[in-house]
Amino acid sequence: MIFFKEVILGFRYWVIASGWCFFRRNVNDRQDDIERAKTEGKELTKEEKQRLRKEKKQQKKNKEKKDEKASQGSEKEKKSGSLAAAAPQPPAKSTTVKTPSAVPAPAPVSVPSSLEAPAPVDKPSKTKAELKAERRARQEAERASKPGKKGEPGQQAASGKQKAPPSELQPVIKRLPEHIQVDNPDVLKKLAKKLERQQVMGLNPTKKIPLRLDYGYKVSLFSHLHQYSRKAPLTQQLSIPSTVIHPAVVRLGLQYSQGIVAGSNARSVALLHAFKQVIRDYITPPNEELSRDLVNKLKPYISFLNQCRPLSASMGNAIKYVKKEISNISSQCKEEEAKSKLLNCIEWYIKEKIILAAKAIAESSIEKINNEDVILVYGCSSLVNHILFEAFEKGRKFRVIVVDSRPRLEGREALRRLVQRGISCTYVLISAVSYILPEVSKVFLGAHALLANGYVMSRVGTSQIALVARAFNVPVLVCCETYKFCERVQTDSFVSNELDDPDDLMVTRNGKTQLESWQEVPSLGLLNLVYDVTPPDFVDLVITELGMIPCTSVPVVLRVKNVDQ
Amino acid sequence: MPGPYKETDLTERVEAFLSDLKRGGSGTGPLRGSAETARETTALLRKITAQARWSSAGDLMEIIRKEGRRMTAAQPSETTVGNMVRRVLKIIREEYARSRGSSEEADQQESLHKLLTSGGLSEENFRHHFAPLKANVIEAINELLTELEGTTDNIAMQALEHIHSNEVIMTIGRSRTVEAFLKDAARKRKFHVIVAECAPFCQGHEMATSLSKAGIETTVIADAAIFAVMSRVNKVIIGTQTVLANGGLRAVNGTHTLALAAKHHSTPLIVCAPMFKLSPQFPNEEDTFHKFVSPHEVLPFTEGEILSKVNVHCPVFDYVPPELITLFISNIGGHAPSYIYRLMSELYHPEDHEL
């Protein structure tokens, strides 16, 4: 017992002594210390870690006796934690460093913060004020310079920004989108509550966004996704006039859910036009800032549209851009000026990312189309159609084979447009693709989104065409604008997909509909998938406005885009 | 006199059968399964054997060959007709050889020695008249008919050897053989079936309703989703219209895509085909391999304006190469695709390959 006490006392003296040394070092050249820690790497910190672990134990014991000083010390640790996070640190420590700033608790104190902790404990008065002031100034500077980040808590973004390559250190735990968690009842309850909250303040609860109900028997593999009926659009449950949702957005939601506006480019452009209308009609309420209030106004619209039809990746990127532009409006701006600025931003986005990108892609694709080519296209992709029109105008002689599939039969629309221009076409269904492929020289496919692991997400059936084309050694080219690039990763078509109305699969042949009463048969299910993912080894080339890249270069483009922003 | 009546009755039967064949192939008449066609063909051939006038085996073979040529010309895609004719010809040869008491049948293979020494000797041999030949041939054809009637059950009996519980099985279109196979397995095991609807005829819908009524968990998917769901499938079991001499298939369109997707995911592809579907044809002849039906199934006449400017194809069959197939299940057991040539040599005589 006595031995222990002596040891403890000895420790305490040693700690104070070493803390004194640390303090002197810190006061004189803290920057050098930090830089040394950075350059010398882990070895030094391991020793320090051991030492400081002992110090921590001491501090905990000190806490019991000197409560005030301990609390001050923990405050110091917190602030020095964020300060240490401010300085560039080796990535190994970064994740632990971030947590103190986000989770203010004295327990998970990382190495550099505790490096500086003993000093303030010993000489609180003078250095505390200095440190506080410097830290506050530094944080203001960071906040002024940081651009908006998606969905992360602000503190994390602040500390994350200081690291040289931001994409390395994104938090792994992201919020899962609710539309792929339908089998989780808690998530559904949360969604219902969120829709209730997103109403105009003070109005009675009947004027809220209704929750759309699922329809029909869902195949067990897809029980985590929504399955809606086209005959029951969400707009039927809204009261008229709806003061929660702008009428342009209501109309847009109806067009989405009925399939009148389909295709990722069309949906994004329609969305941006609807947002322009919303901004034109927007009036800032008194005592509110435009930059914050408008973003809050857009949230219920986005929830409503999500209910009508799950948002596509291109729409998600467009919304992110609009929100960023809105929050960048400074508070000094007058309302008219701010609104016109926003309208110009949206028009610039449409022009640059969609229209001009399509032109650039068409120009580079024309090199790939030769005379006497037989080109196979699938479904109706606005970009691929544009490329074919341009090539035909430039005088290339080729013919097109349009492949279509039930139940959407979008290929007929593409067929009409191509025939109108005078391009000679052949039309088959997807089951005949292995009959027609020996005639084909190239396959051009459109994309809904390009995922960060190189997979191409597109209309269901695209992966099949790529598979058969690969078996016949026919090159497959995917055309996609960069605004459709998405940071998600996916390896199969199950986890994140969309289920369309199952009644679409029914067909009447010779006056008889086989599946008419499918709902009554308990063991029969109909599956109407909308998207599928194509592995990158089936795709030979991706044509974007930045050039022709292989499928695996998608994360490189994403990184370049993030740095630009 | 019974003679002329019999003859006219016979020719009537043959004509009725031919017109049935011609109509059935266009997709408008009632679709008949291959088993039915095989049975009817064999019954007709038995009738011809019984009622036509012939004195020696050679005569009979000539008559049957002539009728066979007419029948195959009526519907070239219906290969079971030609197969049954060849089977009957082989039966006649065997019965003749047995009546003569020679052991030539043991030496069916054409060894190089035999080719050089025997030459065209076999032709003349069929001129002998044997009294019990007619009865023997008819008895053998009856045996063939019994075999035909039991093929579906024989195949279905093997179901439990290939399907375990909690499996996901994929199939395409409608095959009565596969339907019986799956229903038999469902009596003892619980599994899930995914049916690809096989546009434009959408026969998969009928298959799905029939399977679900038997209590099997069924899902109908569009053809475009075959690759998307293939990663969750344990086995692919399909039927076919014809098994070709190299072990390949001539199956309903969309089967090649299904086979490629199964190969990509290393999923076994099992073909349930009775022996009467085995045909000595090879897939080389492009112009006779494919059969097309009216394009209005694909692009209906309601699309009027563009119809005249567009080529529309609606092929009925697909070629599936033997490398993509894992197993054939027939009424005499399971075989690898590389064994098919051997089975063919046992069923048909090489001289009958060309009718």
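Basis for what follows: all heavy atoms, side chains included, without hydrogens, waters or symmetry-related copies. Keep in mind that this is a model prediction, so the values were computed, not measured. Quick note on labels: first sequence line is chain A, next is B, and so on, each numbered from 1.
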Considering all heavy atoms, the nearest A/V460-B/A228 contact: CG2-CB, 4.5 Å
Do A/R406 and B/D223 touch side chain to side chain, with heavy atoms closer than 4.5 Å? no
For A/P438, which atoms come within 4.5 Å of any heavy atom of chain B: side chain, backbone, both, or neither? neither
What part of A/Y531 gets within 4.5 angstrom of chain B, counting heavy atoms only: side chain, backbone, both, or neither? neither
Scored by heavy-atom pairs under 4.5 Å with chain A, the best of B/D318, B/V312, B/I221, B/L299 is B/L299
List the steps, then state whether salt bridge (charged side-chain N to carboxylate O under 4.0 Å, His left out) holds for B/E305 with A/R416. CA-CA 9 Å; B/E305 299 154 1; A/R416 279 182 219 122; over 6 Å; no
So, the part of B/H313 with a heavy atom under 4.5 Å from chain A: the answer is both
With rounding to the nearest 0.5 Å, note down the distance linking NE2 in B/H205 to CG in A/L524. 9.5 Å
Heavy-atom distances under 4.5 Å only: say whether B/P295 touches chain A with side chain, backbone, both or neither. neither
A/V507, A/V433, A/D404, A/V402: which one forms the most heavy-atom pairs within less than 4.5 Å of chain B? A/V507
I'd like to verify something: which residue of B/L211, B/V298, B/I194, B/V193 has the highest number of heavy-atom pairs under 4.5 Å with chain A? B/V298
Side chain / backbone / both / neither for A/S424 at chain B, heavy atoms under 4.5 Å: neither
Heavy-atom cut-off 4.5 Å, strictly under: side chain, backbone, both or neither for A/V219 against chain B? side chain
Roughly how far, to the nearest 0.5 Å, is CG of A/L505 from SG of B/C202? 9.0 Å
Is there a donor-acceptor contact under 3.5 Å from the side chain of A/S523 to the main chain of B/G215? no
A/V521 versus B/T209: any side-chain heavy-atom pair under 4.5 Å? no
Quick one: pull up CG in A/L515 and CD in B/E197 and give me the separation to the nearest 0.5 Å. 8.5 Å
If you take all heavy atoms of B/V229 and A/F494, which pair is closest and at what distance? CA-CZ, 3.7 Å
Find the one option among B/A261, B/A208, B/S212 whose heavy-atom pairs under 4.5 Å with chain A are most numerous. B/S212
Top contributor to chain A interface from B/H192, B/H256, B/K263 [non-hydrogen pairs under 4.5 Å]: B/H256
Interatomic distance, CG@A/L415 vs NZ@B/K309, rounded to 0.5 Å, equals 10.5 Å
Mutual orientation of the aromatic rings belonging to B/F227 and A/F538 [parallel < 30°, tilted 30-60°, perpendicular > 60°]: tilted
Applying a strict 4.5 Å limit to non-hydrogen atoms, the region of B/L258 in contact with chain A is neither
Quick check on B/Y319 against chain A: is it the side chain, the backbone, both or neither that has a heavy atom closer than 4.5 Å? neither
Of the listed A/S431, A/P502, A/G461, the one with the largest count of heavy-atom pairs under 4.5 Å with chain B is A/S431
Ranked by heavy-atom pairs below 4.5 Å to chain B, first place among A/T462, A/I436, A/L429, A/D532 goes to A/L429
Check whether A/L221 gets within reach of chain B through its side chain, its backbone, both or neither, counting any heavy atom under 4.5 Å. side chain
Report the distance from atom OG of A/S493 to atom CE of B/M230, rounding to the nearest 0.5 Å. 12.0 Å
What part of A/A432 gets closer than 4.5 Å to chain B, counting heavy atoms only: side chain, backbone, both or neither? both
Assert top hit (heavy-atom pairs under 4.5 Å, partner chain B, pool A/V428, A/L467, A/I430) equals A/L467
Give a yes or no on this: more than 12 heavy atoms of other residues, nucleotides or ligands lie within 6.0 Å of atom CG of A/N371. yes
Check: B/P200 main-chain N/O paired with A/R509 side-chain donor or acceptor under 3.5 Å: yes
Testing B/F317, B/F289, B/F292 one by one against A/Y435 for a ring-ring contact (aromatic ring centres under 6.0 Å, His included), which residue passes? B/F292
Between A/D492 and B/S231, does any side-chain donor sit less than 3.5 Å from a side-chain acceptor? no
Once you round to the nearest 0.5 Å, how far does SG of A/C425 lie from CD1 of B/I306? 8.5 Å
Identify which of B/V168, B/I172, B/I216, B/T218 forms the greatest number of heavy-atom pairs closer than 4.5 Å to chain A. B/T218
Leading residue by heavy atom contact count with chain A [cutoff under 4.5 Å; candidates B/P300, B/C198, B/A196]: B/P300
Check whether A/T426 gets within reach of chain B through its side chain, its backbone, both or neither, counting any heavy atom under 4.5 Å. both
